[in-house]
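Working notes, beginning with the structure itself.
Chain letters run A, B, ... following the sequence lines, proteins first, then strands; residues in each count from 1. No hydrogens, no waters, no symmetry mates; every other heavy atom, side chains included, goes into these values.
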2 protein chains.
Amino acid sequence: MRQLLERIDREILTGGGKRSRSRAAVIERFFLERHHVTIEELTRSVRESAPRVGAVTVYRTLKLLERLGYAKELDFGEGAKRYESNLASHHDHLVCRKCGTVIEFENRDIEKLQERVTRRHGFQPTSHRLEIYGFCRKCAPGKAAEEVRCPR
Amino acid sequence: MRQLLERIDREILTGGGKRSRSRAAVIERFFLERHHVTIEELTRSVRESAPRVGAVTVYRTLKLLERLGYAKELDFGEGAKRYESNLASHHDHLVCRKCGTVIEFENRDIEKLQERVTRRHGFQPTSHRLEIYGFCRKCAPGKAAEEVRCPR
DNA sequence: ATGATGATGAAATTCAATTTCATAATATTC
DNA sequence: GAATATTATGAAATTGAATTTCATCATCAT
């Protein structure tokens with residue numbers, strides 16, 4: 001963790017930025033989160049240890065981490081975006097349209113195919129986002145068809 | 001096209017909805033669009049043939065089409081969402097973080113793997129979204145590394 | 001220390017998206 | 001084919017996530 005924070009700090013310095021306590025607090029909390037968090041959730045969490053940190057800084061820091069490749073922006077259609085660490089597992093998500101459950105999965109074969117596609121287009125990938133929407137086991141049987149047809 | 005519109009109408013009626021001219025105008029225009037459109041763009045387009053149609057109806061209609069599985073919501077990080085027809089090719093997108101270029105690609109193998117994943121989780125998919133972010137051929141060489149490090 | 005520049009956070013702003021509500025259009029019943 | 005019921009519409013108001021502004025503070029280089 002310490003090493004990670006130092007590495008990020010170095011990258012920021014290289015880019016002409018400066019160190020900052022608020023930002024460090026945000027980054028540390030972010031990587032401690034187990035699940036995808038919204039800005040609001042993370043702000044609340046950060047404020048437990050650094051009460052004076054504003055939501056704007058959380059926004060800015062997450063944008064920064066995203067640009068550096070450490071964070072991933074997710075959108076489950078809730079209105080607010082969610083973020084997760086992009087460090088370890090590159091997993092993707094199954095999102096249930098009915099109960100909202102999010103199932104994570106990881107598939108190296110899909111990733112390999114993605115790499116092949118990007119190479120073919122001379123494209124240099126920094127991150128990706130794969131979300132599959134549908135109905136989970138509980139919400140699927142029978143109900144799915146009706147639900148999908150409901151016009152309102 | 002006619003058949004498609006009638007089919008959608010039937011689905012709406014089945015679900016307890018009613019026919020409507022405004023909605024028909026939106027749906028028709030939507031399927032005529034070649035590229036991913038924002039609500040604002042589509043509204044402008046619709047108004048060429050049906051000037052009195054409001055943006056709210058375009059919103060509602062696209063949500064409806066999405067629920068029925070005919071439209072797909074995209075997010076290239078521009079602020080506003082984009083929509084495209086979900087009818088023919090199930091393609092995905094490479095989005096350049098620098099110049100904003102969007103490259104479409106289609107890969108049946110990836111889709112097959114996705115199906116396998118969903119089956120394994122007892123998940124009934126209705127749509128998916130795969131966006132790969134990075135740097136396109138023009139913006140990639142050398143520049144990418146710097147850009148990614150820029151802290152601001 | 002001093003000056004220069006980046007970072008912060010509260011408040012203001014922006015703007016996509018949604019909700020409200022009175023009216024209009026469509027379907028159903030008789 | 002009128003009367004009734006229900007859905008759809010659109011303008012305006014509202015919401016709320018995200019961004020911008022700006023005066024102040026913190027950090028870095030000298």
Side-chain angles (χ1 to χ4, degrees), chain A residues 5-6 8-27 29 36-44 46-47 49-68 71 73-83 149-152, chain B residues 5-6 8-27 29 36-44 46-47 49-68 71 73-83 149-152:
Chain A
L5 298 182
E6 280 171 13
I8 294 176
D9 260 355
R10 268 199 307 278
E11 290 190 33
I12 290 171
L13 288 171
T14 305
K18 292 176 180 173
R19 260 178 265 269
S20 121
R21 296 174 187 293
S22 300
R23 190 162 55 199
V26 176
I27 295 177
R29 278 282 170 169
H36 352 84
V37 287
T38 60
I39 298 285
E40 197 218 331
E41 286 166 0
L42 186 56
T43 302
R44 231 176 315 162
V46 169
R47 283 183 166 157
S49 58
R52 306 185 49 77
V53 173
V56 189
T57 296
V58 180
Y59 270 103
R60 284 191 276 232
T61 303
L62 283 185
K63 285 270 174 220
L64 170 59
L65 287 180
E66 214 220 328
R67 235 175 299 119
L68 295 174
E73 198 182 76
L74 307 169
D75 181 2
F76 299 151
E78 302 163 297
K81 300 216 166 94
R82 287 184 177 273
Y83 296 83
R149 286 220 176 87
C150 170
R152 213 165 351 172
Chain B
L5 299 182
E6 280 173 12
I8 295 176
D9 259 356
R10 267 199 307 278
E11 290 190 34
I12 291 171
L13 288 172
T14 304
K18 291 178 180 174
R19 260 177 265 268
S20 119
R21 295 175 188 293
S22 300
R23 189 161 56 200
V26 176
I27 295 176
R29 278 281 169 169
H36 352 86
V37 287
T38 60
I39 299 284
E40 197 217 330
E41 286 166 1
L42 185 57
T43 302
R44 232 177 314 164
V46 168
R47 282 182 166 158
S49 58
R52 307 185 50 76
V53 172
V56 189
T57 297
V58 180
Y59 270 103
R60 284 191 276 232
T61 303
L62 283 185
K63 284 270 174 218
L64 170 60
L65 286 179
E66 214 221 328
R67 235 174 299 122
L68 294 173
E73 199 182 74
L74 307 169
D75 180 0
F76 299 151
E78 303 164 298
K81 298 215 166 95
R82 289 186 176 271
Y83 295 83
R149 283 214 181 91
C150 169
R152 215 165 353 172

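Regarding contacts with the backbone of D:dA17, every side-chain N or O of A:Thr38 stays at 4.0 angstrom or more from both OP1 and OP2.
Taking atom CZ of residue B:Arg52 and atom P of nucleotide D:dA12, one finds them 12 Å apart after rounding to whole Å. Note: CD (B:Glu40) to P (C:dA16) measures 7 Å, nearest angstrom. Here D:dT20 presents its C1' atom at 14 Å from NZ of A:Lys63, a figure rounded to the nearest Å. Rounded to whole angstrom, the span from the CG atom of A:Asp75 across to the P atom of D:dA17 amounts to 13 Å. As rounded to whole Å, 14 Å separates atom C1' of D:dT9 from atom CG of B:Leu64. Across the protein-nucleic acid pair, B:Lys81 atom NZ and C:dT18 atom C1' stand 12 Å apart, rounded to whole Å. For the pair A:Asp9 CG and D:dC28 C1', the computed distance is 13 Å after rounding to whole Å. Residue A:Arg44 contributes atom CZ, which lies 11 Å from atom P of D:dA17 at whole-angstrom precision.
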Treating primed atoms plus P, OP1 and OP2 as sugar-phosphate and everything else as base, which nucleotides of nucleotides 22-30 of chain C get B, S or - for protein heavy atoms under 4.0 Å? ----BS---
Take B:Lys81 and A:Asp75 through the test side-chain contact (heavy atoms from CB on, under 4.5 Å) and record every step on the way to the result. CA-CA 11 Å; B:Lys81 298 215 166 95; A:Asp75 181 2; 3.4 Å; yes
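Rounding to the nearest 0.5 Å gives a distance of 8.0 Å between CZ of B:Arg10 and OG1 of B:Thr14.
The base of C:dG9 lies close enough to the side chain of A:Arg60 for a donor and an acceptor atom to sit less than 3.5 Å apart.
The nucleotide whose nearest atom lies closest to any side-chain atom of B:Ala80 is, among C:dG9, D:dA17, C:dA17, C:dA17. Closest to the side chain of B:Arg23, from the set C:dT19, D:dT9, C:dG9, is D:dT9. Set against C:dA17, C:dT8, D:dT9, the side chain of B:Thr57 has D:dT9 as its closest nucleotide.
In this structure, A:Val26 and A:Val46 approach most closely via the heavy-atom pair CA-CG2, 3.9 Å. When all heavy atoms are compared, the tightest approach of A:His36 to A:Glu41 is O-OE1, 4.0 Å. Nearest approach of B:Glu78 to B:Arg82, heavy atoms of both residues: OE1-NE, 2.8 Å. Of all the heavy atoms in A:Arg47 and A:Val53, the pair that sits closest is NE-O, 2.7 Å. Minimum interatomic distance between B:Ile39 and B:Ala55 (heavy atoms only, all atoms of both residues): CG2-O, 4.3 Å.
In this entry D:dT30 has C:dA1 as its Watson-Crick or G-U wobble partner, both defining distances falling under 3.5 Å.
Of the residues near DNA chain D, B:Val56 and A:Tyr83, the one whose nearest nucleotide (by heavy atom distance) lies more toward the 5' end is B:Val56.
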